[in-house]
Structure formats: C-alpha cells, structure tokens
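Sequence positions, counted from 1, serve as the residue numbers for this chain. Because the structure is predicted, anything quoted here is derived from the model rather than measured.
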Amino acid sequence: MMRHEDTSTVQQIHALLEIVKAFAVCEHAMAAGDLNGPKRLDRLMEAHGILMAACGPGHLIPFDELMGRLTGDRAGSLEGLLPEWIDAEALAGVRLMDSDGVATEDGFDFRHEAQRVMWAAQKVGKFTGQVTKPKLDDEYSQESVFSAIKGSFYERHRRTLVEHPTVPTGGLADLNLPSRANDFYKPVSQYAQYNGWWWPCPACQWPMKVTAARSGARTRGRVRCLYPWHEETGASYEFVVTAPKKTAPGLSPTFECRVPSGRFARLWTGAVPHVPEARSVAAHLALARPVWRYTVVPGLPELALHRAVSAVLEGTPWSSHLWPNGDQCDLWITRKGSEQPRFLADFKDYTWPNHLVNKLHMDGGDQGGAEYLVVPDHRQEQVDQLHAVCRTYGMQAAMTATDYLEMVIGQIKEGWA
C-alpha cells in the first residue's frame, strides 16, 4: 500500500541525500590533509557540483560559501544554504561535519539511512531519477556486506564481524572471513589516533574519536565513541599530557558509568565501567565506519537478544535462530519436530525514524516476513510511531528488545504456541 504523498516525500529525501553526500565528498577530501592539492580541489569542486544540482537551477551557492562550511564555527551547517523549496526541517540545527572535518553522527546516519529509502523506492519504481553513488557509499554499503558474506556460513561470518571490529595487523587470516570481507578492514582512521595510539570503546570495541588541543605547556584531549548512545552511557574520556611522552596517556572518565539493574540489565550493550587501555595504531586494523555502524552496532544487541532467548529456552523443545535463512529476518524461534518458525523478528537501529517509516512504506512492511519490528531498548521513543506503520502492513507489533524477550518467554511458558 502506497500513500499519495510518497512520491513527493521521496523527492525531498533525494534532494537532502544529495546535499548530505556533497558534504561527505568534502569529508573525503578533508581526510587527505590540506586542501591545496589538485586532486583535493577536484573533489571539492565535485561536491560543489552535487550541491548545486540538488538545489536546482536559479539557486547560486558560491564555491567560497561551501569552503566556509568545512571548518570552524560553521562547519557542516546548512543554515542559509538551501533554497526555499527544500524542506530541511529534519536537519534543522544538525551539523553534517564537525570542526575536524569528520562526519557527525547525525550527518553520517542521515546519509546512509536515506540511501536505503532511495534503494527501496527505486526497486518499486517510485523513483526513477539518478542517485549519485560515490565510492565512499558503494564500497561499504549493507548490500556489499551481505554480498561478501552470503552463503552457508553467513551467520558465522556476520558474528565474526560483530565480535571483531578490530584485528591485529597480520591477523585477518585467523578470522576465516571471505576475501571480500577482509577488505572491510582498514588502518585506524586519523581522527581516532593520538601520537600513534588509539582506544577501543568499552561497549563496541571500535576505535573512539580523539580530539586534542594544546594549551600552553599542556595538551588536553577528549576521547569518545562515535555512536552517541555508547558515549552517553560512559564511553567518554579525557586526558592531559604535560610533557612529550613515548607512552600513551591514561584516560579519565568524564562522568560515572552505571550499568542498569533490573529488567534492562539482561540486554545491556552500553558502556561498562572499564577504562580502556591504549593500543598501537601500527599493530591494528579496524572495520570501515559504515560496516561498524550498520553491522557491528546493531549486531551487538541482536546477539545479546539471541543469547538471552537461547538461555531461557535451554532444556526446552524450543530453539532460537540468529539471522536464519541467510538473514531472511534477524531472529526466529522453532519447536523441535516442527519446521514452522515463530516470533519472526527484524531488528532495526535507525537514528532517523522517519527514514525507517518511509522504507517500511516502500517495502510494504518487512520484506522477510517478520511479524515483529524490534528496536534497541534505548530507542523506546520510536516504538509508537513504528507500531502504527507495522500494523498497517499486517505486522503484529513494533517493540523494544526487552519487550520482545519478555513476550517470547511469557507466551512460550503459557503454552500459547
């Protein structure tokens, strides 16, 4: 079922997606260092062209105006940049890049989540325009991850990626991943380094972002995970260096990390009160940022949910299956002697819930036939909006991971199935 406003909605998403991609191309240029090289200038001019094309004829954006939004106080800001016909309310106040030239969490997620909406729209013929796909998008998309690990060992390979967001240099062979999946591991990004060191997030183990500035004889640094919820739960640290050292500085938490008790403890995948130790940049590789964000980050609560359900079902005729049938859905449960799966669940971790809503509309519900749409516990505020859409397409409910776990336990114990 397609709502009458879907076409215009898709056009707006497309325009904003192209604008966000323009800043992504700028970030790619900034990551190479200074902005004086000819190749770097070519990329910035490409970004300017993408931006102008997205805004349409008659809306001039001087090249200097774009350059002024790459660093400093206006870095990544869209304020006063867009024409009136583009409804940028969703991005009001959002910075697409920070002052270090790195894509912000919101900007990064907007780009990749909007891309999924566009792909879904193209599949059902609701959008026929051109969607620019720079290499920085294509190479590490969810589709490329799925393609690289699909097959009879899909679950094992996906679990390996989730559990090993970093790997010692020279240790890739030990993971036994397909060769294409090995290509997802890259040198630790410059923005996650300090003097040859990096720090793993205590929640996801991926390299945290480092920001350091010199003040007199001291260097003050901040270290935080790029996934906001991990940062908010305790993956946030600082350090002070008073003299040049060959050893890595020690971190101090910026606030007390508290792991919850009660019903939310079982599926907790946030930070833990453990201050990470520095690791050598030269001695490690890390997953590319999109693979970390859209495979590792949602994979942690998916694994936690599967393990919790499996623990409850141990000794019963019931079994939990993670990513069954090559990821038809994320979780389902079967009873011994029956091929019929029950409680089919699809796990979604979207920063921008409107993108997920639009994708559900384009897909006509869940493509894998899931009955339940499950979100991380910390996305509780999205449930009501998603539940209404799920019911429209015959799905039973949208709910948090803990609610899903408790529902499965209760219904199986009551003999409902």
Parallel, tilted or perpendicular, as decided by the 30° and 60° cut-offs, for the rings of Y227 and W229: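 Ring orientation, 0 to 90° scale: perpendicular.
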Whether F63 and H48 hold their rings parallel, tilted or perpendicular, with breakpoints at 30° and 60°: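 Because their plane-to-plane angle is over 60°, the rings of F63 and H48 count as perpendicular.
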Can you tell me if [atom1] on [X] sees more than 12 non-hydrogen neighbours from other groups inside 6.0 Å?
{"X": "R266", "atom1": "CZ", "answer": "no"}
{"X": "E277", "atom1": "CD", "answer": "no"}
{"X": "E79", "atom1": "CD", "answer": "no"}
{"X": "Q190", "atom1": "CD", "answer": "no"}
{"X": "R218", "atom1": "CZ", "answer": "no"}

Rounded to the nearest 0.5 Å, what separates atom [atom1] in [X] from atom [atom2] in [Y]?
{"X": "R111", "Y": "F108", "atom1": "CZ", "atom2": "CZ", "answer": "6.0 Å"}
{"X": "D106", "Y": "W352", "atom1": "CG", "atom2": "CH2", "answer": "5.0 Å"}
{"X": "I333", "Y": "F343", "atom1": "CD1", "atom2": "CZ", "answer": "6.0 Å"}
{"X": "H378", "Y": "W268", "atom1": "NE2", "atom2": "CH2", "answer": "9.5 Å"}
{"X": "M45", "Y": "I50", "atom1": "CE", "atom2": "CD1", "answer": "12.5 Å"}
{"X": "L81", "Y": "H59", "atom1": "CG", "atom2": "NE2", "answer": "6.0 Å"}

Closest contact, heavy atoms only, P324 versus C329: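 Heavy-atom minimum between the residues: CD-O, 3.3 Å.
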Where L251 and V275 come nearest, the two heavy atoms and their spacing: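 Between these two residues, the closest heavy atoms are O-CG1, 3.5 Å.
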Looking at [Y], is its backbone amide N or carbonyl O close enough to the side chain of [X] to form a donor-acceptor pair, meaning the two atoms are under 3.5 Å apart?
{"X": "R69", "Y": "S77", "result": "yes"}
{"X": "H28", "Y": "A24", "result": "no"}
{"X": "S320", "Y": "R307", "result": "no"}

Carboxylate-amine/guanidinium proximity below 4.0 Å for [X] and [Y]:
{"X": "R158", "Y": "D327", "result": "yes"}
{"X": "E238", "Y": "R220", "result": "no"}
{"X": "E105", "Y": "K209", "result": "no"}
{"X": "R379", "Y": "E381", "result": "no"}
{"X": "K21", "Y": "E27", "result": "no"}
{"X": "D346", "Y": "K348", "result": "yes"}

Less than 4.5 Å apart, any side-chain heavy atom of [X] and any of [Y]?
{"X": "Y237", "Y": "S252", "result": "no"}
{"X": "F239", "Y": "V241", "result": "yes"}
{"X": "L226", "Y": "W292", "result": "yes"}

Qualifying side chain to side chain donor-acceptor pair (under 3.5 Å) pairs, either residue in residues 193-207, two or more places apart: none
Chi angles and distances behind the side-chain hydrogen bond (donor to acceptor under 3.5 Å, both in side chains) call for H321, T334: CA-CA 8 Å; H321 304 267; T334 59; 2.7 Å; yes
Any donor-acceptor N or O pair under 3.5 Å, side chains Y185, H164: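 Looking only at side-chain atoms, H164 and Y185 do not form any donor-acceptor pair under 3.5 Å.
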Derivation of the side-chain hydrogen bond (donor to acceptor under 3.5 Å, both in side chains) call for T104 and D98: CA-CA 6 Å; T104 61; D98 62 24; over 6 Å; no
Intermediate values then yes/no, side-chain hydrogen bond (donor to acceptor under 3.5 Å, both in side chains), S179 and N182: CA-CA 5 Å; S179 58; N182 287 338; over 6 Å; no
Verdict with reasoning, E231 to R222, per salt bridge (charged side-chain N to carboxylate O under 4.0 Å, His left out): CA-CA 12 Å; E231 178 190 4; R222 185 185 175 202; 2.4 Å; yes
Ring centers of Y350, H355 separated by less than 6.0 Å: no
Distance flag, aromatic centroids of W318 and W332, threshold under 6.0 Å: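 For W332 and W318, the ring centres are not under 6.0 Å apart.
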Audit row: R224, M208, side chain to side chain contact (heavy atoms under 4.5 Å, CB included) steps and yes/no: CA-CA 5 Å; R224 63 182 180 87; M208 292 186 284; 5.6 Å; no
Test side chain to side chain contact (heavy atoms under 4.5 Å, CB included) applied to M395 and E371, step by step: CA-CA 5 Å; M395 299 175 70; E371 301 169 307; 5.9 Å; no
